[in-house]
A.B. asks: 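Starting off with a structure, shown below.
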Amino acid sequence: MSLGQLHYTSAPPGPDGSGFRFTALTPGLPQSVLREAEQLIGYEPPRNAPSRPSATELEAFPRAFSYSELSDGSRLLARTVYTGADYSGRWGNFHAHAVHLAPGRQLPDGALPVSAWESPGWAAATPEGGAPPALAALPPSTLLDPAGLIAFAASRAPWLAAVFTDLQRQAEDETAPQVVLVERDSADVARWVALASAALPREAAHRLTFTTYTRRPHLAGQRIIGVLPDDAHGLAGSGRRYRVHDCSAPPPAPDGPAPGPDGSEPAPWAVAAAGIWSAGAFELFQHAHHLPGEPFTAGPPSALALCAGIDLPSSHRTAAALWACEHPAELDGQELDGLVQTLAAPRQEAAVPAAETAALAELFARVGGNLRPETAAPLAARLLTAAVRSAEPVRPPERGALTDEVARQLAAELGPELRAGIADTAGGFARPLRLLRVAGLLTVDCSDLVPPLAHRLAAALLADPSAYGGELHETLTDRPDLHTALLRELDAAALAGPASVTVLLERAPVELESREALPYLRMCGWKARGPAGGGGGGGDRNGELRAVLEAARVSVFAHPPLLRVAFRLVWGSDTPTPEEARYVLAETGADVHRPAETWPFLVTAALNGRPGDPHADELAHELLAAFSRELRPHDRAALLLLEFARDLRAGGAGPGWVDRFLGLRRAAEPVNPAVLEHVCGRIARRLLTDPGAGRELDDLIRSGDADLCAAYERAAGEDAVHSQLLREPRYFADRFVDWNAHPQAGGAWGTVRSALLDGVLRPAARALAAEDLAAVEAALAKRGTRHAEDFRAWNRPGALGRLGLRFGGRDSRPGKAAPRRRGSGSGSGSDDRYRDGGVR
């Protein structure tokens with residue numbers, strides 16, 4: 001590679017004129033480059049410089065060493081020095097020597113531009129010949145030696161982070177403000193550039209433009225501008241364009257990094273870079289540039305700094321730990337040991353931030369197994385201490401990470417805090433669980449604190465099953481004593497409220513295996529996790545009850561409360577059907593239901609049974625026999641009503657059905673509507689099917705009971721009655737005689753009687769053929785001639801005949817004798833209970 005040279009100074013008259021001009025140029029340099037270069041390589045002496053300096057004073061003048069970008073993308077590296085008087089003896093001359101780098105080119109061997117500061121390759125005067133050849137290289141300066149830079153960095157430690165922060169902004173944003181460095185010596189500005197070039201990512205360092213000295217910073221276009229103190233005054237308050245760092249003044253914050261010119265905090269990467277330079281470990285930058293990670297992230301430089309024992313703020317320790325977690329293979333064993341030792345060292349802060357502690361825990365989990373015991377133990381101890389004292393959760397290390405001596409020391413130091421934290425009920429159970437695990441690691445006895453913690457834990461889980469999480473599961477695994485105590489609490493809770501425990505076991509994977517009995521908990525577990533969710537799939541709730549009881553692994557006869565819990569698990573808020581209740585009663589016997597207090601479930605099953613269900617009245621009969629002493633009078637009366645319905649169905653009820661019903665009903669008031677409908681339906685059907693129930697029907701009519709009459713009407717309207725009316729003339733005749741009885745009866749029967757005649761009998765009569773109607777008349781004639789006549793009149797088309805029957809068919813004025821309805825005429829089948837149209 002070749003570097004075109006440019007020399008510029010005040011020269012005597014020649015072909016190119018006189019005064020300041022290019023006095024020597026490598027052939028081929030474009031005119032556009034020369035025009036721009038002429039604006040960049042000028043020199044103006046300091047304000048207070050002597051007008052006629054001596055040779056010694058000339059040496060003290062600032063040197064303008066610059067690296068600038070031209071409009072075509074090429075670069076110009078230049079050195080301009082004050083030379084005093086020119087050829088004519090006039091003072092104010094300078095000499096500029098510059099080299100031109102074509103677009104995209106760098107110095108040979110990738111050397112950084114700042115390395116050419118005071119390079120031996122710079123000429124102090126225009127060479128002879130006027131056309132110097134292109135340079136192959138610029139030898140590096142011997143003035144920017146490592147020791148000198150380290151000493152300079154130490155002297156500028158308060159400003160390092162702020163300056164590096166502004167340079168990071170420039171590298172990330174081309175519109176960021178220019179950095180103005182106020183120094184008394186231009187060489188110090190060059191040293192600043194050397195510090196920055198080492199710290200910045202290599203590509204950013206090659207793009208960094210600068211000038212070590214200018215009298216007019218407003219006209220400078222470089223990224224770093226070096227000025228003397230006298231030339232910085234006019235830049236105050238121009239923060240949008242310049243970031244001014246006055247390193248000639250006393251440090252603004254001798255006890256720490258100075259903030260930026262606007263008071264902003266330094267960037268994390270900048271703080272790490274400043275720490276590395278302050279520690280004199282600049283060789284770490286070269287390593288950091290090759291580590292994975294985005295440019296200007298704090299992780300890589302912070303990790304290397306900590307590996308070297310350089311202390312950094314908490315945020316950098318966190319960044320280093322997280323970066324090492326992601327890239328553990330990037331650090332060798334020695335570096336990893338150094339990193340862990342620095343991270344584990346005691347800190348002066350009163351409390352370590354939670355983010356740092358969490359990052360250290362993650363790092364230990366990733367690499368702790370690869371560390372030497374003497375390296376791992378201090379960090380493990382620190383994490384355990386943080387787990388006890390931090391308000392945030394901290395993942396504790398395994399016991400194997402601690403030496404016995406460290407474990408004993410921690411147990412003695414942290415034991416009282418552990419016990420106090422486990423017993424603390426103010427902040428939920430998450431922290432006590434973590435502390436209990438730490439206590440187990442350190443063998444701190446907390447056995448007396450486990451039962452009350454389990455009690456609080458059970459209450460919290462029952463209130464919110466989602467509270468069961470991975471940390472709780474791990475704690476229960478690590479602490480079998482807590483697991484056992486929790487299962488005991490849940491077993492007790494299952495006895496009191498099995499539904500909530502079942503919900504918990506459905507939603508949370510609590511391990512139920514235990515050497516203890518825990519029968520109530522096991523039943524809830526079967527319900528929650530058994531086949532088909534414990535629900536018995538096919539709807540066989542009696543089979544499910546048997547399975548739930550078997551899951552308890554304890555005899556229900558030895559522990560009767562199991563039956564009550566099983567009832568609540570299987571039926572919940574529902575009620576067993578009478579059939580299910582009869583099955584349970586037959587399978588278990590009555591004796592177990594008394595101590596289990598489940599017999600009321602059976603009573604409720606009977607009283608809530610579906611009307612017409614024969615199991616309901618059979619169950620009532622069985623309950624009256626089994627629990628005669630336990631039944632309340634009201635329930636006993638209701639069951640007696642159902643038992644009476646059973647007797648009616650079986651044909652075992654004696655005469656006086658209605659009176660028996662009314663008496664039992666009064667004792668059972670208020671009667672469950674299902675029971676009332678069931679019993680009334682039984683009476684009504686018996687009245688409609690029993691040929692000898694005439695007197696019972698008279699009792700119904702006389703009672704005027706609306707429920708009985710309504711039940712009779714419903715039963716008469718059933719399909720079975722309609723079919724029998726069409727099929728059996730005698731049955732039709734009997735119903736005609738029954739429903740024509742007591743035409744003057746009012747109340748409930750008066751309403752029902754009309755509905756029966758018009759709504760049941762008349763449709764049936766219309767459906768009968770002529771011969772069937774004749775058969776009905778013949779059957780009525782056997783009951784009495786008058787009945788047949790009434791039927792013919794009632795069945796004759798037109799309303800008058802119907803109205804006559806409806807209102808008695810005779811003159812019903814006062815003083816007139818009531819007609820004989822049943823038993824009149826010569827029919828031998830007449831019923832003397834209906835003489836004179838009345839009811840005895």
Side-chain angles (χ1 to χ4, degrees), residues 6-10 19-22 32-53 57-58 60-71 75-86 90-98 100 113-114 117-118 122 163 166-167 170 174-193 196 208-249 261:
L6 303 85
H7 289 267
Y8 189 89
T9 189
S10 178
F20 284 102
R21 59 185 175 84
F22 288 105
S32 59
V33 169
L34 299 180
R35 284 193 299 271
E36 286 190 66
E38 192 170 13
Q39 305 301 316
L40 296 170
I41 58 180
Y43 188 93
E44 192 172 355
R47 297 176 189 275
N48 58 355
S51 59
R52 295 176 179 271
E57 289 173 330
L58 277 176
F61 272 60
R63 290 167 172 79
F65 178 55
S66 64
Y67 183 60
S68 308
E69 183 177 6
L70 305 182
S71 58
R75 304 281 173 133
L76 190 72
L77 184 61
R79 175 182 181 269
T80 304
V81 296
Y82 189 69
T83 58
D86 64 4
R90 184 174 55 193
W91 289 89
N93 193 21
F94 63 87
H95 177 263
H97 182 193
H100 179 252
V114 74
W117 163 259
E118 294 303 286
W122 295 118
V163 172
D166 290 337
L167 294 178
Q170 288 183 352
E174 293 183 355
T175 65
Q178 295 166 276
V179 174
V180 177
L181 297 174
V182 183
E183 290 282 3
R184 298 185 185 277
D185 187 347
S186 61
D188 289 338
V189 178
R191 293 184 181 97
W192 266 115
V193 176
L208 182 64
T209 60
F210 55 84
T211 180
T212 59
Y213 168 72
T214 179
R215 271 281 305 276
R216 302 182 184 279
H218 292 91
L219 301 179
Q222 293 85 357
R223 288 295 179 183
I224 294 179
I225 305 171
V227 298
L228 298 177
D230 290 342
D231 299 321
H233 301 302
L235 302 177
S238 54
R240 291 187 177 181
R241 182 174 177 185
Y242 303 107
R243 304 277 290 183
V244 181
H245 300 270
D246 189 353
C247 304
S248 65

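Hydrogens, waters and symmetry mates play no part in the numbers below; they use all other heavy atoms, side chains included.
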A.B. asks: So, for Q170 and L208, which heavy atoms are closest and what is the spacing to 0.1 Å?
C.D. replies: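 So the two residues come closest at OE1-CD1, 4.2 Å.
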A.B. asks: Thinking salt bridges, do R79 and E118 make one under a 4.0 Å N-O criterion?
C.D. replies: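 Between E118 and R79 there is a salt bridge, with a charged N closer than 4.0 Å to a carboxylate O.
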A.B. asks: Provide the closest heavy-atom pair for E38 versus Y8 in the form atom of the first, atom of the second, distance.
C.D. replies: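 That closest heavy-atom pairing would be OE2-OH, 2.9 Å.
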A.B. asks: Output yes when a side-chain donor or acceptor of T83 lies under 3.5 Å from a complementary backbone atom of N93, and no otherwise.
C.D. replies: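 Indeed, once roles are kept as given, a pair shorter than 3.5 Å links the two residues.
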A.B. asks: Is atom CZ of R21 surrounded by more than 12 heavy atoms (other residues, nucleotides or ligands) closer than 6.0 Å?
C.D. replies: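 Counting other residues, nucleotides and ligands, CZ of R21 exceeds 12 neighbours.
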A.B. asks: To the nearest 0.5 Å, tell me how far D230 CG sits from S248 OG.
C.D. replies: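 The OG atom of S248 is 9.0 Å from CG of D230, to the nearest 0.5 Å.
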A.B. asks: Find the distance between OG (S71) and CD (E69) and round it off to the nearest 0.5 Å.
C.D. replies: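 These two atoms lie 9.0 Å from each other.
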A.B. asks: Given the rule in the side chain to side chain contact (heavy atoms under 4.5 Å, CB included) test, do L167 and V179 qualify, once you have shown the distances and angles that lead to the verdict?
C.D. replies: CA-CA 7 Å; L167 294 178; V179 174; 4.0 Å; yes
A.B. asks: Run the numbers on L76 and L6 for side chain to side chain contact (heavy atoms under 4.5 Å, CB included), then give the verdict.
C.D. replies: CA-CA 10 Å; L76 190 72; L6 303 85; 3.9 Å; yes
A.B. asks: Side chains of S66 and Q222: any donor to acceptor distance under 3.5 Å?
C.D. replies: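 Per modelled atom types, Q222 and S66 side chains form no pair under 3.5 Å.
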A.B. asks: Rounded to the nearest 0.5 Å, what separates atom CG in L219 from atom CG in L40?
C.D. replies: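 So the CG of L219 and the CG of L40 are separated by 11.0 Å.
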A.B. asks: Heavy atoms, side chains only, cut-off 4.5 Å: are L181 and D188 in contact?
C.D. replies: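 L181 does not reach D188 side chain to side chain.
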A.B. asks: Taking the side chain as every heavy atom from C-beta outward, state whether I224 and W192 have any pair of such atoms under 4.5 Å apart.
C.D. replies: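 No, their side chains stay 4.5 Å or more apart.
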A.B. asks: Closest heavy-atom contact between P217 and D231?
C.D. replies: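 Looks like CG-O, 3.9 Å.
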A.B. asks: So which of L77, L70, L34 actually passes side chain to side chain contact (heavy atoms under 4.5 Å, CB included) with H100?
C.D. replies: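 Passing option: L70.
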A.B. asks: Is the shortest side-chain heavy-atom distance between H218 and L235 below 4.5 Å?
C.D. replies: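 A side-chain contact exists here, since the closest heavy-atom pair is under 4.5 Å.
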A.B. asks: For a 4.5 angstrom cut-off between non-hydrogen side-chain atoms, does F65 reach P113?
C.D. replies: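 Counting from C-beta outward, F65 and P113 never come under 4.5 Å.
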A.B. asks: Using side-chain heavy atoms (C-beta onward) and a distance below 4.5 Å, is P229 in contact with V182?
C.D. replies: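 Heavy-atom side-chain distance check passes, below 4.5 Å.
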A.B. asks: What is the minimum heavy-atom distance between P53 and F61, and which atoms define it?
C.D. replies: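 The answer is CB-CE1, 3.9 Å.
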A.B. asks: Does the T209 side chain pair with the main chain of R223, one donor and one acceptor, at a distance under 3.5 Å?
C.D. replies: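 Such a contact is found between T209 side chain and R223 backbone.
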A.B. asks: Would you say T80's side chain and G42's backbone share a donor-acceptor pair under 3.5 angstrom?
C.D. replies: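 Side chain of T80 to backbone of G42, a donor-acceptor pair under 3.5 Å: no, none is there.
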A.B. asks: With heavy-atom distances below 4.5 Å as the criterion, would you say the side chains of Y82 and L58 are in contact?
C.D. replies: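 Yes; the side chains approach each other to less than 4.5 Å.
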A.B. asks: Indicate yes or no for a side-chain donor-acceptor contact from Q178 to the backbone of A220 under 3.5 Å, with no hydrogens or angles considered.
C.D. replies: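 Yes, Q178 side chain to A220 backbone: donor-acceptor pair under 3.5 Å.
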A.B. asks: Can you tell me how the ring of F20 sits relative to the ring of F94, calling it parallel under 30°, perpendicular over 60° and tilted otherwise?
C.D. replies: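 Judged by the thresholds at 30° and 60°, the geometry between F20 and F94 is parallel.
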A.B. asks: Is any side-chain heavy atom of Y67 less than 4.5 Å from a side-chain heavy atom of R75?
C.D. replies: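 With C-beta onward as the side chain, the pair touches.
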A.B. asks: I'd like to know if the side chain of T212 and the backbone of R63 have a donor-acceptor N/O pair within less than 3.5 Å.
C.D. replies: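 Judged by distance alone, yes, a pair lies under 3.5 Å.
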A.B. asks: Decide yes or no for W91 and P50: does some side-chain heavy atom of the first lie under 4.5 Å from some side-chain heavy atom of the second?
C.D. replies: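 The answer is no; the side chains never approach within 4.5 Å.
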A.B. asks: Using the six-membered ring wherever Trp is involved, compare the ring planes of H7 and H95 and label them parallel, tilted or perpendicular (cut-offs 30° and 60°).
C.D. replies: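 Because their plane-to-plane angle lies in the 30° to 60° range, the rings of H7 and H95 count as tilted.
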A.B. asks: Using only atom types and a distance under 3.5 Å, with no angle test, would you say the side chain of R215 pairs donor to acceptor with the backbone of Y43?
C.D. replies: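 No: the side chain of R215 does not pair with the backbone of Y43.
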